[in-house]
Amino acid sequence: MPDLRQQCLWEYITPPEASASPLASAAVADVCVIGGGITGLSAALHLLEQGKSVVLLEARDIGNGGSGRNVGLVNAGTWIRPDDVEATLGQQQGSRLNKVLGEAPAEVFALIKRLGIDCQARNEGTLHMAHNATGVADLQARHEQWTRRGADVELLSGARCEEYCGTTQISAALLDRRAGTINPMAYTRGLAAAVERLGGRIHAQSPVQGLERAGNQGWRVNTAKGSVQAEKVVISTGAYTEGDWTDLQRHFFRGYYYQVASVPLHGAAADNVLKHGQGSWDTRTVLSSIRRDEQGRLLLGSLGRVDNKPAWFIRSWADRIQSHYFPQLGKVEWEMHWTGCIDFTPDHLMRLFEPAPGIVAVTGYNGRGNTTGTVIGKAFAQFLLEDDPAALPIPFSPMKPVAVPALRTGFYETGFSLYHAGQCLRVVL
Ligand SMILES: Cc1cc2nc3c(=O)[nH]c(=O)nc-3n(C[C@H](O)[C@H](O)[C@H](O)COP(=O)(O)OP(=O)(O)OC[C@H]3O[C@@H](n4cnc5c(N)ncnc54)[C@H](O)[C@@H]3O)c2cc1C
C-alpha cells in the first residue's frame, strides 16, 4: 500500500512554472497587483491586454493560495440560491450578480481556449447530489430558480441519476451544464504564463510588507528588498493574506477544506463513477465533494482541515465516504491529502472594497473562486481603466469588519471535526 502523503495533487501533476525572481529593486508600473492567484492574474492579464504595465507581487509561489489547491469545480452562481442572492443584495444588484456568475463558467472556458491553457478543462457540467429528502427539496428549488433565469440545468432522478452519479445513494442530482472542472494549478500557472508573455513582471517570494502613498504619484508597495511605485493597486490576497499592511483579514473569517486523492483507478467499476465527467458535491451541510481526474483518480473532499490529523483518520474518513457511495470499487488506496484555506463571510457573499482612491480589493469568495476570481479580476481591470463602477458586478462595500473571526474559525473547525469523526464511526451519513 503506498504511503498516504501530504501533497497537493495539482502541484504534483502540473509541470513547474519558470521560476519568477523576488523583487530586488525599485520598480515602476501603471498597476501593482498583490497576490498571484486567479484574481490577481486575471486582473493583470486584462490590464496588460489593454496596454497597461503591470508588476505582480506574490508572497510565495504562483498558485500558493486557494487557486492552486482547490477542487477544480468551475461553478455557476454562488453557493446560495439565486433568489436568496436577490433577497440579500436587492433585486437589481442580486440579479446582476446572478447573471455575471451564471455566465462565468463560459468566460473561464473561453479564456482557457483563447490562451491555450492545458488544464484538464471539461465543460461537461457539475452535479449537485441530494443525499436525503431535504436535499431533494433544495435541488428542486434551485432547479426552478435557475430555470426561471434561463439556465441550462436539469434535475436528474431515477435511472438517469444513478447513471450520471454512479451510485444508488443519491436520489436526485442537479446537472448544471454551464459548469465543469479543471486542474486549478494548471489554470493558474497558465494565466501566469500568459501574463509574462504579455510583458507583465511577476515576482515570487516577495511578500508585501507596506503600502503607502507616493505623493501625487499614486502608491508605493514595499517588500523586504524592493518597491513598486504604481498609480493603481489591486489587492487579491484572499484567504491567504499575509502581514499587517492591510486590514483585509478583518473582513472575512478563515475556514478550511481538505481533499484526499486515490491512486489512479481503472476497470469497469471505476469507469462507472461520474462516468460523464462531471465534478460533484452532495447536499450535506458538511458536504463531500467527489470528482475524478484525467488519470482516473477519485478525489474526495470536505470542509475542515486534515493537515493536523493522523493518516489513519484521513484514510478512515475517505474509506467511509467511498464505501457509502461507491462500494463496487472495493478497497481503494489513498495516495495524497492536502488542505487549503477559504475566506468566508457570514452571508456567503463576496465583498469588493475601495480602501482608498486607486486601490481595489476583494474578499469572501466563500469557496467559489475559479469562476468568481476570473471575472472579478477582469472587472477590476475594467474599473481601473475606465474609473467606472458600472464595470463591477456589485458595488464596493463599506469596510465593515466581521465580528470575532478567529472564534468563528474555531467554532466551525470543531463542528467539522466532530462531524467527520461521526462519519468515521458511522453515527452520521
Ligand atoms: C481546498 C479548497 C477547495 C476549493 N474548491 C473550489 C472549487 O472547486 N471551485 C471554486 O471555484 N473555488 C474553490 N475554492 C476557492 C478558490 O480556490 C478561491 O476562492 C480562489 O482560488 C481565490 O483566488 P484568489 O486569486 O482570490 O486568491 P488565492 O488563490 O488564495 O491567491 C492569493 C495569493 O496572495 C498571496 N499573498 C498573500 N499575502 C501576500 C502578501 N503580503 N504579498 C504578496 N502576496 C501575498 C498568497 O500567497 C496567494 O498566492 C476552494 C478553495 C480551497 C482552499
Side-chain angles (χ1 to χ4, degrees), residues 8-10 22-23 32-44 55-79 101 104-105 108 126 179-185 187-188 191-192 202-211 221-224 228 233-246 248-249 252 254-260 279-281 287 289-291 299 301-307 337-344 350 361-377 380:
C8 173
L9 168 70
W10 309 124
L23 181 72
C32 178
V33 175
I34 309 174
I38 292 168
T39 308
L41 291 162
S42 171
V55 172
L56 184 147
L57 301 174
E58 163 54 47
R60 314 253 173 150
D61 291 308
I62 295 298
N64 162 66
S67 299
R69 60 182 80 223
N70 69 61
V71 178
L73 299 172
V74 180
N75 298 104
T78 69
W79 281 115
L101 295 184
V108 170
T126 50
T181 53
I182 51 172
N183 163 351
M185 179 62 99
Y187 176 52
T188 307
L191 290 176
I202 296 180
H203 295 282
Q205 306 298 332
S206 303
V208 168
Q209 298 178 342
L211 174 57
V221 184
N222 297 312
T223 66
V228 181
V233 176
V234 176
I235 303 177
S236 47
T237 46
Y240 283 77
T241 306
E242 288 181 22
D244 53 14
W245 53 277
T246 167
L248 202 65
Q249 291 99 316
F252 63 87
R254 287 191 166 88
Y256 297 89
Y257 197 96
Y258 65 86
Q259 290 172 85
V260 188
S280 70
W281 68 100
L287 59 88
S289 58
I290 307 170
R291 65 162 292 185
L299 275 67
S302 189
L303 288 156
R305 62 193 304 176
V306 293
D307 51 353
H337 71 87
W338 67 102
T339 295
C341 189
I342 290 177
D343 43 349
F344 285 107
M350 68 174 155
V362 58
T363 191
Y365 288 163
N366 287 277
R368 281 209 173 176
N370 291 329
T371 41
T372 320
T374 305
V375 296
I376 292 300
F380 273 169

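In listed order, ligands and their atoms are each counted from 1.
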Ligand 1 contact by Pro207, heavy-atom criterion under 4.0 angstrom: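 Heavy atoms of Pro207 do come under 4.0 Å of ligand 1.
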Numbered atoms and elements of ligand 1 in range of [X], under 4.0 angstrom, heavy atoms:
| X | value |
| --- | --- |
| Ala59 | 36 (N), 39 (C), 40 (C), 42 (N), 43 (C), 44 (N), 45 (C) |
| Ile38 | 25 (O) |
| Gly367 | 6 (C), 10 (C), 12 (N), 13 (C), 14 (N), 15 (C) |

Lys NZ or Arg CZ of Arg368 over Trp79 ring: under 6.0 Å, within 45°: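 So Arg368 does make the cation-pi contact.
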With respect to [X], determine whether any N or O atom, backbone or side chain, lies less than 3.5 Å from an N or O atom of ligand 1.
| X | value |
| --- | --- |
| Asn370 | yes |
| Thr39 | yes |
| Trp245 | yes |
| Asp61 | no |
| Ser67 | yes |

Answer side chain, backbone, both or neither: which part of [X] comes under 4.0 Å from ligand 1, heavy atoms only.
| X | value |
| --- | --- |
| Pro184 | neither |
| Tyr365 | side chain |
| Thr241 | backbone |

Nearest neighbour of atom 1 (C) of ligand 1 from the list Trp281, Tyr240, Tyr257, on a heavy-atom basis: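 When every heavy atom of Trp281, Tyr240, Tyr257 is considered, Tyr257 comes closest to atom 1 (C) of ligand 1.
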Polar side-chain atom of Thr241 near backbone of Ala239 as donor-acceptor pair, under 3.5 Å: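 Such a contact is absent between Thr241 side chain and Ala239 backbone.
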Selection residues 234-243 - residue pairs positive for salt bridge (Lys or Arg N to Asp or Glu O under 4.0 Å), sequence neighbours left out: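 As it turns out, the salt bridge (Lys or Arg N to Asp or Glu O under 4.0 Å) pairs with a partner in residues 234-243, which skip direct neighbours, are Arg60-Glu242.
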Give the residue, atom name and distance (to 0.1 Å) of the protein heavy atom nearest [atom].
| atom | value |
| --- | --- |
| atom 6 (C) of ligand 1 | Asn70 CB, 3.4 Å |
| atom 39 (C) of ligand 1 | Thr237 CG2, 3.5 Å |
| atom 49 (O) of ligand 1 | Glu58 OE1, 2.7 Å |

